[in-house]
*Asks:* 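Provided herewith is a single structure, encoded as C-alpha cells, for subsequent inquiry.
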Amino acid sequence: MARFGTVTAGTVQLALLTAAQLDISRRPAQEIRGSKGLWRLATLVNFIGPASYFTFGVKRSLATR
C-alpha cells in the first residue's frame with residue numbers, strides 16, 4: 001500500500017511539473033508574472049512550485065475570472 005501511495009504521489013508530481021513547464025513554454029512572456037526562467041526553476045519544487053505558478057504566476061484576464 002505504501003508503494004502505491006508513493007507511485008501515485010510521484011505520478012501526480014510529474015504531471016504537475018510537465019503541465020507547468022509546457023504552459024511556461026507556450027504562454028507569451030507578457031501573460032506571466034515575473035521571469036519565465038525563475039518560474040521554470042520554481043516549478044521544480046515538489047507540488048508547491050507548479051501550484052504556485054498556476055496560482056500566482058499566470059496573469060488572468062478579467063473575462064476568465
Side-chain angles (χ1 to χ4, degrees):
M1 196 59 154
R3 184 180 298 162
F4 176 75
T6 302
V7 170
T8 301
T11 301
V12 170
Q13 169 58 31
L14 286 174
L16 285 171
L17 174 63
T18 301
Q21 291 290 330
L22 285 173
D23 190 76
I24 292 169
S25 295
R26 294 177 179 166
R27 189 175 297 273
Q30 52 271 30
E31 292 182 17
I32 297 176
R33 289 186 179 96
S35 164
K36 280 187 163 192
L38 289 178
W39 278 116
R40 283 195 184 280
L41 288 174
T43 59
L44 297 176
V45 178
N46 292 341
F47 295 105
I48 295 169
S52 296
Y53 168 71
F54 286 118
T55 303
F56 304 112
V58 177
K59 291 181 183 176
R60 307 278 184 219
S61 67
L62 293 175
T64 59
R65 286 187 182 175

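Just so it is clear, the values below take in all heavy atoms, side chains as well, and ignore hydrogens, waters and symmetry mates. Along the sequence shown, the residues carry numbers beginning at 1.
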*Asks:* I'd like to know if the side chain of Gln13 reaches the main chain of Phe47, judged simply by a donor and an acceptor atom lying under 3.5 Å from each other, with no hydrogens or angles considered.
*Replies:*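 A pair under 3.5 Å: yes.
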
*Asks:* Kindly give the heavy-atom pair with the smallest separation between Lys59 and Gln30, and that separation in Å.
*Replies:*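 Closest approach of Lys59 to Gln30: NZ-O, 3.3 Å.
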
*Asks:* Can you name the residues that form a salt bridge (Lys or Arg N to Asp or Glu O under 4.0 Å) with Arg40, not counting sequence neighbours?
*Replies:*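 Not a single residue meets the salt bridge (Lys or Arg N to Asp or Glu O under 4.0 Å) criterion with Arg40.
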
*Asks:* Test of understanding: with side-chain contact (heavy atoms from CB on, under 4.5 Å), list the residues that count as partners of Ser52, not counting sequence neighbours.
*Replies:*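 By the side-chain contact (heavy atoms from CB on, under 4.5 Å) rule, Ser52 matches Trp39, Ile48, Phe56.
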
*Asks:* Any chance you could measure Leu38, atom CG, to Thr43, atom OG1, to the nearest 0.5 Å?
*Replies:*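 OG1 of Thr43 is found 11.0 Å from CG of Leu38.
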
*Asks:* Could you see if Leu17 belongs to whatever hydrophobic cluster contains Leu41? Use Ile, Leu, Val, Met, Phe, Trp, Tyr and a side-chain cutoff under 4.5 Å.
*Replies:*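 Shared cluster, yes.
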
*Asks:* How long is the gap from CZ on Arg60 to CZ on Arg33, to the nearest 0.5 Å?
*Replies:*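 Output value for this atom pair is 8.5 Å.
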
*Asks:* Please enumerate all residues that pass side-chain contact (heavy atoms from CB on, under 4.5 Å) together with Lys36, with sequence neighbours excluded.
*Replies:*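 Testing Lys36 for side-chain contact (heavy atoms from CB on, under 4.5 Å), a comparison that skips the adjacent residues, returns Ile24, Ala29, Ile32.
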
